[in-house]
Amino acid sequence: GAEVVTFAADLGQGGEIEPARKKAEMLGIKPGNIFIEDVREEFVRDYVFPMFRANALYEAVYLLGTIFGQLTMAMVQMLLLVVVGSVVLGLSWGDSPAGLAAVLVSFGLAAVALGTMLGTFMRSESQANGASIAVGVTMALLGGCWYPLELFPQAARTAANLLPTAWAMQGLNNLMLRGADLAGVL
């Protein structure tokens, strides 16, 4: 004698609900004890949308975390460049630490943005690494990191102004050779 009660929730699974009702009736469960609720709206509103939002938040946090990590590595590398250049080579980076910081942070942000963009088009980490090295070396050459831009033809100098390496080199030259301050490098 126990009375059996069944419950099924329609979450949008399609044709599975009616066969469940028929199976319950076939097992002898009274029609008044078969409960099937349409909870699609509540399910989407209370569970699916929050899940999407949580995943979107995770992806945004993940992306920002990787960008911050890349920027931190770039800044440590540039800080080492400045310290070693000053201590070992006796370089003077100018009289404006704020100007130097602005140039280095701006260049770091540009490099991270470019690396993130390249990463979206590559299919694997090794492809992204190879592409970033090729792009970096090319930008260093064309941006005046290896040779002064003044040695390049006018067309190449004009084209180099599109590259963040050229902007960084111009800012560093303004700081080191022309005594520019923060306003002079912005």
Side-chain angles (χ1 to χ4, degrees), residues 47-186:
Y47 297 98
V48 175
F49 284 161
M51 180 184 67
F52 282 138
R53 283 193 299 267
N55 191 40
L57 178 64
Y58 167 78
E59 289 177 3
V61 168
Y62 177 79
L63 180 61
L64 288 175
T66 57
I67 288 171
F68 180 73
Q70 292 169 350
L71 181 60
T72 301
M73 286 190 301
M75 296 313 301
V76 168
Q77 290 173 348
M78 287 186 270
L79 181 63
L80 285 172
L81 172 74
V82 169
V83 169
V84 170
S86 297
V87 173
V88 175
L89 301 174
L91 291 177
S92 170
W93 295 96
D95 296 327
S96 176
L100 181 60
V103 170
L104 297 181
V105 169
S106 297
F107 181 68
L109 287 169
V112 168
L114 182 63
T116 302
M117 183 193 71
L118 278 174
T120 62
F121 295 116
M122 300 299 143
R123 294 180 183 205
S124 68
E125 186 176 346
S126 62
Q127 279 184 341
N129 287 339
S132 66
I133 290 170
V135 168
V137 167
T138 302
M139 285 177 39
L141 172 65
L142 298 177
C145 297
W146 294 353
Y147 305 102
L149 285 177
E150 291 78 19
L151 298 178
F152 287 77
Q154 183 59 44
R157 279 186 270 167
T158 302
N161 287 325
L162 299 173
L163 302 174
T165 48
W167 307 336
M169 289 306 297
Q170 182 181 4
L172 291 173
N173 284 335
N174 286 343
L175 286 168
M176 296 170 65
L177 303 177
R178 298 174 189 93
D181 58 2
L182 178 60
V185 296
L186 296 178

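The basis for the numbers below is simple: all heavy atoms, side chains too, and nothing from hydrogens, waters or symmetry mates.
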Atom pair [atom1] ([X]) and [atom2] ([Y]), whose distance is rounded to the nearest 0.5 Å:
X: Met78; Y: Leu71; atom1: CE; atom2: CG; result: 7.0 Å
X: Arg157; Y: Gln154; atom1: CZ; atom2: CD; result: 4.5 Å
X: Leu104; Y: Gln77; atom1: CG; atom2: CD; result: 12.0 Å
X: Leu100; Y: Leu172; atom1: CG; atom2: CG; result: 6.5 Å

Under a 4.5 Å cut-off applied to non-hydrogen side-chain atoms, are [X] and [Y] in contact?
X: Leu114; Y: Pro164; value: no
X: Pro148; Y: Leu151; value: yes
X: Cys145; Y: Met169; value: yes
X: Met122; Y: Leu118; value: yes
X: Leu163; Y: Leu142; value: yes

Walk me through it: do Leu141 and Val137 pass the test side chain to side chain contact (heavy atoms under 4.5 Å, CB included)?
CA-CA 6 Å; Leu141 172 65; Val137 167; 5.6 Å; no

Checking Ser106 now: which residues fulfil side-chain hydrogen bond (donor to acceptor under 3.5 Å, both in side chains) with it, not counting sequence neighbours?
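Per chain and number, Ser106 pairs via side-chain hydrogen bond (donor to acceptor under 3.5 Å, both in side chains) with no residue.
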
List for me each residue that meets side-chain hydrogen bond (donor to acceptor under 3.5 Å, both in side chains) alongside Arg178, sequence neighbours excluded, and say none if there are none.
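If we apply the side-chain hydrogen bond (donor to acceptor under 3.5 Å, both in side chains) test to Arg178, skipping adjacent residues, the hits are Asn174.
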
Please find the pair of heavy atoms, one from [X] and one from [Y], that lie closest to each other, and give the distance.
X: Leu182; Y: Ala98; value: CD1-O, 3.6 Å
X: Ala166; Y: Ala160; value: CB-O, 3.0 Å
X: Thr138; Y: Ala134; value: OG1-O, 2.8 Å

Residues Leu89, Val84; criterion side chain to side chain contact (heavy atoms under 4.5 Å, CB included); working and verdict
CA-CA 7 Å; Leu89 301 174; Val84 170; 5.6 Å; no

May I ask you to decide if [Y]'s main-chain N or O and [X]'s side chain share a donor-acceptor pair within less than 3.5 Å?
X: Trp167; Y: Asn161; answer: yes
X: Gln127; Y: Arg123; answer: yes
X: Trp93; Y: Val82; answer: yes
X: Thr165; Y: Met139; answer: yes

What verdict does the side chain to side chain contact (heavy atoms under 4.5 Å, CB included) test give for Val112 and Phe68, after you've listed the backbone C-alpha separation in whole Å, the side-chain angles of each residue and the deciding distance to 0.1 Å?
CA-CA 9 Å; Val112 168; Phe68 180 73; over 6 Å; no

Run the side chain to side chain contact (heavy atoms under 4.5 Å, CB included) check on Leu149 and Gln170 step by step: do they pass?
CA-CA 9 Å; Leu149 285 177; Gln170 182 181 4; over 6 Å; no

